[in-house]
There are 2 protein chains.
Amino acid sequence: MATGRNHRPATSRSRGIPEATVARLPLYLRALTALSERSVPTVSSEELAAAAGVNSAKLRKDFSYLGSYGTRGVGYDVEYLVYQISRELGLTQDWPVVIVGIGNLGAALANYGGFASRGFRVAALIDADPSLAGKPVAGIDVQHTDALEQIIADNGVSIGVIATPAGSAQQVCDRLVAAGITSILNFAPTVLSVPEGVDVRKVDLSIELQILAFHEQRKAGEDAPEEEETAPPAAPPAAAVTKRPGPGPDGDVPAVMPA
Amino acid sequence: MATGRNHRPATSRSRGIPEATVARLPLYLRALTALSERSVPTVSSEELAAAAGVNSAKLRKDFSYLGSYGTRGVGYDVEYLVYQISRELGLTQDWPVVIVGIGNLGAALANYGGFASRGFRVAALIDADPSLAGKPVAGIDVQHTDALEQIIADNGVSIGVIATPAGSAQQVCDRLVAAGITSILNFAPTVLSVPEGVDVRKVDLSIELQILAFHEQRKAGEDAPEEEETAPPAAPPAAAVTKRPGPGPDGDVPAVMPA
DNA sequence: ATGCCTTTGTGAACGCGTGCACAAAGATGG
DNA sequence: CCATCTTTGTGCACGCGTTCACAAAGGCAT
């Protein structure tokens, strides 16, 4: 960055791109793609930042990790930048993906149009329910879990998506890892334990909603003066209390589908 | 992942609980709920941290923001902690939620069992497609977008979920906000612009996969020596180049459903 | 050429989040 | 009642990420 020009990531590529930056690259890529389709030749960091919903200084710094792809006084070449980011993210190659758990969510994912456009290809849909086997979802026949290992090996799949109930997530995860999967996108509301070298990213609707509720409550609490919740139930930190099943909660094992 | 918005120093309650901590509370709550069902009376920070997949010191510090709810030498009372966290997150009250866009994803969300258990109640399912109106999804009749404002007003809804295609997301968002919604969970792959005071959290499958691909590529790049991508297409930062539609990408407006 | 104007690239300061390490608090056993 | 052992609560330091602010770079007009 400082002196070194010729920023060609020839050797040990993409070494040291901050995680936070990596997480934003897809955002930039999306905005750039939109510009590209509108045949916009160049954009300034200011414009692009606005489109991506971030600070312009942050965007420039992010790009600086990739190299000097801008032109001072002008901005960035849209097409060129689209390619550079795509390459950096590894989207210039084909990524076969398997989706395990074809419930409501799994089906939604299978139908998701944003896959192919980004280099991701649904190699297989897998479910433990035998009655689903053979039935087409999004144009692809669902296969039984038994074939999981074979499918992964045959297609050289390295990315797996888990959309099963929480109860079977870890089990599925273990099989995926044993079969050679090294990246997992987990939609089940569970903490997955994986061996070193395997990446796991988690998407949890319930958590997102709870975070929103927190802020929502705070907003309400600002306007309204003071208001005590329901009944301050349980006991404060007392000694050992046997415990009772209590107002039977849910257990976080949604009968249908995690999200 | 999602993005927190609109920060507010808010002098009032919730003595400045760090955003990072708030994001982890649901995680702790889930682990605690599981323990509660197994009738475990107390847990140490070490055990709970392991169950939630975080560092024990971090967990203790998180809890310290809520107050001193633990007992030295013993640990935390599970039931009591469940209540405290629930209250802090605002889950002791009822949160009516509307889901807009009942495609594959919207239906999956409607069927999600983790809603009710956390104080969230699906007040209505809304879609712009007239042919869907009246049809039941997850036991709730889908209603037409026309009734959106009325529904929100009647039910006092403050949280909205957008599961529409990217193209109509902003429009839906505007109507939700105008109708009084102050928290939005957005599944559409678009940056929503909202007035101050409205929180937006985003869930984007495409982005998560791209981040996985990045790391996956890096892993592969470490083992394998050197390998050049396809053709270094476009031109480097040249002068003004008219531009051509190029290899028609996708445009990020998934025909079916965002995820 | 020369000077002006725009926009990048980045040094530096700042703030938040993380994790260590330990003293204080409390339980437990003698 | 005292000693010992366990586990919390937190002061502190460190590193990452964000943001500001500006010099350098390049285009463009004259």
Side-chain angles (χ1 to χ4, degrees), chain A residues 1-7 15-25 27-28 32 40-78 80-81 84 211 236-241, chain B residues 1 3-5 7-9 15-25 27-28 32 40-78 80-81 84 211 236-241:
Chain A
M1 18 199 86
T3 37
R5 242 325 55 78
N6 218 321
H7 230 303
R15 190 65 66 79
I17 294 182
E19 193 55 34
T21 295
V22 173
R24 280 189 293 269
L25 289 182
L27 220 56
Y28 302 145
L32 285 165
V40 177
T42 60
V43 273
S44 66
S45 61
E46 203 71 50
E47 295 169 313
L48 186 54
V54 303
N55 182 297
S56 69
K58 190 187 297 184
L59 178 144
R60 287 199 299 277
K61 179 145 291 191
D62 282 341
F63 286 172
S64 78
Y65 292 119
L66 309 184
S68 292
Y69 296 145
T71 303
R72 297 173 190 235
V74 177
Y76 299 90
D77 181 272
V78 174
Y80 188 61
L81 202 46
Q84 290 300 341
I211 295 173
V241 178
Chain B
M1 201 115 330
T3 23
R5 268 305 88 77
H7 234 325
R8 181 185 326 248
R15 332 145 254 269
I17 297 182
E19 192 57 31
T21 294
V22 173
R24 279 188 295 268
L25 289 182
L27 221 55
Y28 301 144
L32 285 166
V40 177
T42 61
V43 272
S44 68
S45 62
E46 204 70 49
E47 295 170 314
L48 186 53
V54 303
N55 182 295
S56 70
K58 189 187 298 183
L59 178 143
R60 288 198 299 276
K61 179 149 292 187
D62 282 341
F63 286 173
S64 76
Y65 292 119
L66 308 184
S68 292
Y69 295 144
T71 303
R72 297 174 189 233
V74 177
Y76 300 90
D77 182 90
V78 174
Y80 188 61
L81 202 47
Q84 290 299 341
I211 295 173
V241 178

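A, B, ... follow the sequence lines: proteins, then strands. Residue 1 opens every chain. Since the model is a prediction, treat every value here as computed from it, not as a measurement.
Remark: A:Tyr76 is in phosphate contact with C:dG9, judged by side-chain N or O atoms under 4.0 Å from OP1 or OP2. For D:dG26, neither phosphate oxygen OP1 nor OP2 lies less than 4.0 angstrom from any side-chain nitrogen or oxygen of A:Thr71. Within the structure, a side-chain polar atom (N or O) of B:Ser45 is placed less than 4.0 Å from OP1 or OP2 of D:dT8. A close approach under 4.0 Å does not occur between any side-chain nitrogen or oxygen of A:Tyr69 and OP1 or OP2 of C:dT7. Neither OP1 nor OP2 of C:dG17 sits under 4.0 Å from any side-chain N or O of B:Asn55. For the OP1/OP2 pair of C:dT18 and a distance below 4.0 Å, the side-chain nitrogens and oxygens of B:Lys58 include at least one atom meeting the criterion.
Between the C1' atom of C:dT18 and the CD atom of A:Glu19 lies a distance of 16 Å, rounded to the nearest Å. Whole-Å rounding puts the A:Leu48 CG to C:dG9 P distance at 12 Å. B:Arg24 has its CZ atom 15 Å from the P atom of C:dC16, to the nearest Å. D:dG27 atom P lies 13 Å from atom CG of A:Asp77, rounded to whole Å. Rounded to an integer number of Å, the gap from CG of A:Leu59 to P of D:dC20 is 14 Å. In this entry the distance linking CD of A:Glu46 with P of C:dG9 reads 14 Å, nearest Å.
Within the nucleic acid shown, B:Phe63 has no heavy atom closer than 4.0 Å to any nucleic acid atom.
The distance between the ring centers of A:Tyr80 and A:Tyr69 falls below 6.0 angstrom.
When each of B:Arg60 and B:Ala20 is assigned the nucleotide of DNA chain C with its nearest heavy atom, B:Ala20 is the one assigned upstream, toward the 5' end. Across the interface with DNA chain D, nearest-nucleotide mapping of A:Val74 and B:Asp62 shows B:Asp62 to be the residue nearer the 5′ end.
On a pure distance criterion of 3.5 Å, no polar donor-acceptor pair joins the side chain of B:Arg72 and the base of D:dT7. Judged by atom type and distance alone, A:Lys61 reaches the base of D:dT19 through a side-chain donor-acceptor pair under 3.5 Å.
Each end of the helix from C:dA1-D:dT30 to C:dG30-D:dC1 gets its own rotation axis from five pairs of C1' atoms, and the angle between them is 10° to the nearest 10 degrees.
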Open item on the list: Show, in sequence, the C-alpha distance, side-chain angles and deciding distance for A:Thr21 and A:Leu66, and conclude whether the side chain to side chain contact (heavy atoms under 4.5 Å, CB included) test is met.
Closed with: CA-CA 10 Å; A:Thr21 295; A:Leu66 309 184; 5.6 Å; no
Open item on the list: One pair to check against side chain to side chain contact (heavy atoms under 4.5 Å, CB included): B:Leu81 and B:Phe63. What are the steps and the verdict?
Closed with: CA-CA 9 Å; B:Leu81 202 47; B:Phe63 286 173; 3.3 Å; yes
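One finds the NZ atom of A:Lys61 at 11.0 Å from the CZ atom of A:Arg24 (value rounded to the nearest 0.5 Å). Between the CG atom of A:Leu48 and the OH atom of A:Tyr28 there is a distance of 7.5 Å, given to the nearest 0.5 Å. B:Ser44 contributes atom OG, which lies 9.0 Å from atom CZ of B:Arg60 (distance to the nearest 0.5 angstrom).
Two residues are said to be in side-chain contact when any heavy atoms from C-beta on lie closer than 4.5 Å; B:Val54 and B:Asp62 fail this criterion.
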